[in-house]
Amino acid sequence: MTSDLLIRQAEIFLPDGDILLGDVRVKQGKIAEIGTNLEVGDERIIDAQGLTLLPGVIDPQVHFREPGLEYKEDLFTASCACVMGGVTSFLEMPNTRPLTTTQEALDDKLYRASQKSLVNYGFFMGATADNLDDLRDANPSCGIKIFMGSSHGALLVSTEEQIEPIFAKGSRLIAVHAEDQGRIVERKKEFHGITNPAIHSTIQDETAALNATKLALKLSKKYQRRLHILHLSTGIEAEYLREHKPSWVSTEVTPQHLLLNTDAYETIGTFAQMNPPLRSPENNDILWKALMDGVIDCIATDHAPHTLEEKAKEYPNSPSGMPGVETSLPLMLTEHKKGRCTLAHVVKWMCSAPAKLYNIPNKGAIALDYDADIILVDLKNHRPVLRENLQTKCGWSPFEGWSLTGFPVYTIVGGQVAMEKGIINTEVRGKALSFDA
């Protein structure tokens, strides 16, 4: 399905941060030529006048629910949502049914994605108390996921005695959901019976997050083990990492934790419920500062859909999680247009940094011989986030009604036009990502 393309008169974001008004030629799924007034050959022409050409987004943390929970989302619907949001590659988490804890389960996901996903894909292995061999040997995998808290069953690995052997053996990247499960359990007892969803942020408080981040950092330093701290949510964690984060440790933040806070419970109730929870408003500014300063390395969505019926349940029976792949790039580009960050910042956080952190070759930049995972976005117009336009199977967004800019007009995956002016080409298929050592 790969076609040769000539994208003409785009505002091209180059790796050095410059903008070139020019053309990009795509051949056999690769970026073959970048310049001005390129000669027209026997290829499809895309008129990109007025549009900005960016690398495709790499979302390094999603929950796409397949296998086992396809009523919430599946690899096809999620990848349709990806192309609408400019996400051309994703790294998906292991809390499916069955859990992704063995080579067999990993192989099953890779096969499913090859048949259904419109975008490129990679999968985490889930740590349990007794699958060390699989964690070390299963391939291809982007890393090991440890749920230190906010989980249950076999994927909950919450004590130092359980976690340390994972850090001690092997060299693969470890990504942690850093919340102190012991503290959460005690605080659930303390606040039992309260049905206001805002109590969620009190139960799973900032101290629970900081305790777990400190433990993960301690073990990473002890074993010199590559560590990635998922969805940083608190200012106290950011400031702790500012002082104590070594070069081999990285972290991410979600648009939700940058742009939403505990005030959202008053307007959208349980639809604001996620793990780790939204924090008080002052945390937004501290996280933004840490992102701008490089303490936080990249942006991920933690796309974790639940149905409208599930989210409408009274707390604490309502599940935690919200969708994000369709809105993450427009949200950040809207912040850029407001003057909060540069276009170069957005491209770094969402494209080049995830490729670098996970050693994904030939992704994350518009450069010669790189994969043609590229998007054309409209930075000149705004439109609202509307439920009826969403592709995610769950059918809602915490950002409904927000007026955003930077929605993709074209999404190109490996040289294939996967989305054009709101129309999805459902025949396109992505490829399994590779993770260079």
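Side-chain atoms are counted along with the backbone in the values below, which use heavy atoms only and exclude waters and symmetry mates.
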Ignoring hydrogens and angles, tell me if any N or O in the side chain of His336 forms a donor-acceptor pair with the backbone of Cys341 under 3.5 Å.
yes

Hey, are Glu33 and Arg8 close enough for a salt bridge, meaning a charged N less than 4.0 Å from a carboxylate O?
no

Main-chain N/O of Ala372 paired with Lys30 side-chain donor or acceptor, under 3.5 Å:
no

Other residues, nucleotides, ligands: >12 heavy atoms within 6.0 Å of Arg44 CZ
yes

Can you tell me if Ser117 uses its side chain to pair, donor with acceptor, with the backbone of Ser114 under 3.5 Å?
no

Would you say NZ of Lys188 has more than 12 non-hydrogen atoms from neighbouring residues, nucleotides or ligands within 6.0 angstrom?
no

Compute whether any side-chain donor of one residue and acceptor of the other, for Asp373 and Asn120, lie under 3.5 angstrom apart.
yes

Sidechain-backbone polar pair: Arg429 side chain, Thr426 backbone, donor-acceptor under 3.5 Å:
yes

Salt bridge check: are Arg387 and Glu400 linked by an N-O gap of less than 4.0 Å?
yes

State, without any angle test, whether His306 and Lys311 hold a side-chain donor-acceptor pair at a distance under 3.5 Å.
no

If you compare all heavy atoms of Leu259 against all heavy atoms of Trp402, which two are closest, and at what distance to 0.1 Å?
O-CH2, 3.9 Å

Glu326 and Thr392: side-chain donor and acceptor closer than 3.5 Å?
no

For the residue pair Arg226 / Ser250, report whether a side-chain donor-acceptor contact shorter than 3.5 Å exists.
yes

For Thr254, is there any backbone N or O sitting under 3.5 Å from a side-chain donor or acceptor partner on Gln256?
no

Evaluation steps, side chain to side chain contact (heavy atoms under 4.5 Å, CB included), between Leu51 and Ile7
CA-CA 10 Å; Leu51 301 177; Ile7 301 167; over 6 Å; no

His231: which residues meet the ring pair (Phe, Tyr, Trp, His ring centres under 6.0 Å) condition with it, sequence neighbours left out?
His177

Check the pair Tyr265, Thr270 against side chain to side chain donor-acceptor pair (under 3.5 Å), reporting the backbone distance first and the verdict last.
CA-CA 7 Å; Tyr265 290 116; Thr270 51; over 6 Å; no

Are side-chain N/O atoms of Lys363 and Ser89 paired as donor and acceptor at under 3.5 Å?
no

Name the one of Ile34, Asp23, Leu376, Ile19 that satisfies side-chain contact (heavy atoms from CB on, under 4.5 Å) with Leu53?
Leu376

Got a list of side-chain donor-acceptor pairs under 3.5 Å for residues 288-299, not counting sequence neighbours?
residue : atom : partner : partner atom : Å
Trp288  : NE1  : Leu258  : O            : 3.4
Lys289  : NZ   : Asp293  : OD2          : 2.9
Asp293  : OD2  : Arg242  : NH1          : 3.0
Asp293  : OD2  : Arg242  : NH2          : 3.2
Asp297  : OD2  : Lys245  : NZ           : 2.7
Asp297  : OD2  : Thr251  : N            : 2.9

May I have the step-by-step check of side chain to side chain contact (heavy atoms under 4.5 Å, CB included) for Val377 and Phe407, ending in yes or no?
CA-CA 6 Å; Val377 302; Phe407 284 98; over 6 Å; no

Specify the closest pair of heavy atoms between Ala264 and Leu278, including all atoms of both residues, with the distance to one decimal.
CB-CD1, 4.1 Å

Take Arg279 and Glu206 through the test salt bridge (Lys or Arg N to Asp or Glu O under 4.0 Å) and record every step on the way to the result.
CA-CA 8 Å; Arg279 306 299 182 185; Glu206 296 174 25; 5.7 Å; no

Checking Glu266 side chain against Asp263 main chain: does a donor-acceptor pair fall under 3.5 Å?
no

Count the heavy atoms belonging to other residues, nucleotides or ligands that lie under 6.0 Å from NZ of Lys116, then report whether that count exceeds 12.
yes

Between the side chains of Lys27 and Asp4, is the shortest nitrogen-to-carboxylate-oxygen separation below 4.0 Å, so that they form an ion pair?
yes

Under 3.5 Å side-chain donor-acceptor pair for Glu237 and Thr234:
yes

Distance-only donor-acceptor check, side chains Asp436 and Asn359, under 3.5 Å:
no

With a cut-off of 6.0 Å (strictly less than), are more than 12 heavy atoms of other residues, nucleotides or ligands near CG of Asp369?
no

Flag for Ser158-Gln181: side-chain donor and acceptor within less than 3.5 Å
no

Residues Ile366 and Pro15: closest non-hydrogen pair is O-CD, 3.2 Å

Quick one: does Phe399's side chain get under 4.5 Å of Pro323's, heavy atoms only?
no

Could Glu66 and Lys109 be called an ion pair, given the rule that one side-chain N must be under 4.0 Å from one carboxylate O?
no

Kindly indicate, with the supporting measurements, whether the criterion side chain to side chain contact (heavy atoms under 4.5 Å, CB included) is fulfilled by His63 and Asp302.
CA-CA 7 Å; His63 302 261; Asp302 193 21; 2.9 Å; yes

Establish, yes or no, whether the cationic atom of Lys145 lies under 6.0 Å from the six-membered ring centre of Phe147 and within 45° of the ring axis.
yes

When Asp74, Thr77, Thr307 are each screened for side chain to side chain donor-acceptor pair (under 3.5 Å) with Lys393, the one that passes is Asp74

Can Glu73 and Arg65 be counted as an ion pair, charged N to O under 4.0 angstrom?
no

Any chance the side chains of Asp371 and Asn362 put a donor and an acceptor closer than 3.5 Å?
no

Aromatic plane relationship, Trp349 with His345 - under 30° parallel, 30 to 60° tilted, over 60° perpendicular
parallel

Polar contact flag, side-chain donor to acceptor under 3.5 angstrom, Thr202-Asp205:
no

Exceeds 12 heavy-atom contacts within 6.0 angstrom, atom OH of Tyr111:
no

Any donor and acceptor pair, going by atom type alone, linking the side chain of Gln273 with main-chain N or O of Pro197 inside 3.5 Å?
no

Near Leu386 CG, under 6.0 Å, is it more than 12 heavy atoms from other residues, nucleotides or ligands?
yes

Check whether the side chains of Asp59 and His303 place a donor and an acceptor atom closer than 3.5 Å, and report yes or no.
no

Do we see a donor-acceptor contact under 3.5 Å between the side chains of Asn275 and Gln204?
yes

Would one find more than 12 heavy atoms of other residues, nucleotides or ligands at under 6.0 Å from atom CD of Glu39?
no

In terms of heavy-atom contacts, Met93 and Thr96 come closest through O-CG2, 4.5 Å

Can you find a heavy atom in the side chain of Cys80 that is under 4.5 Å from one in the side chain of Leu118?
yes

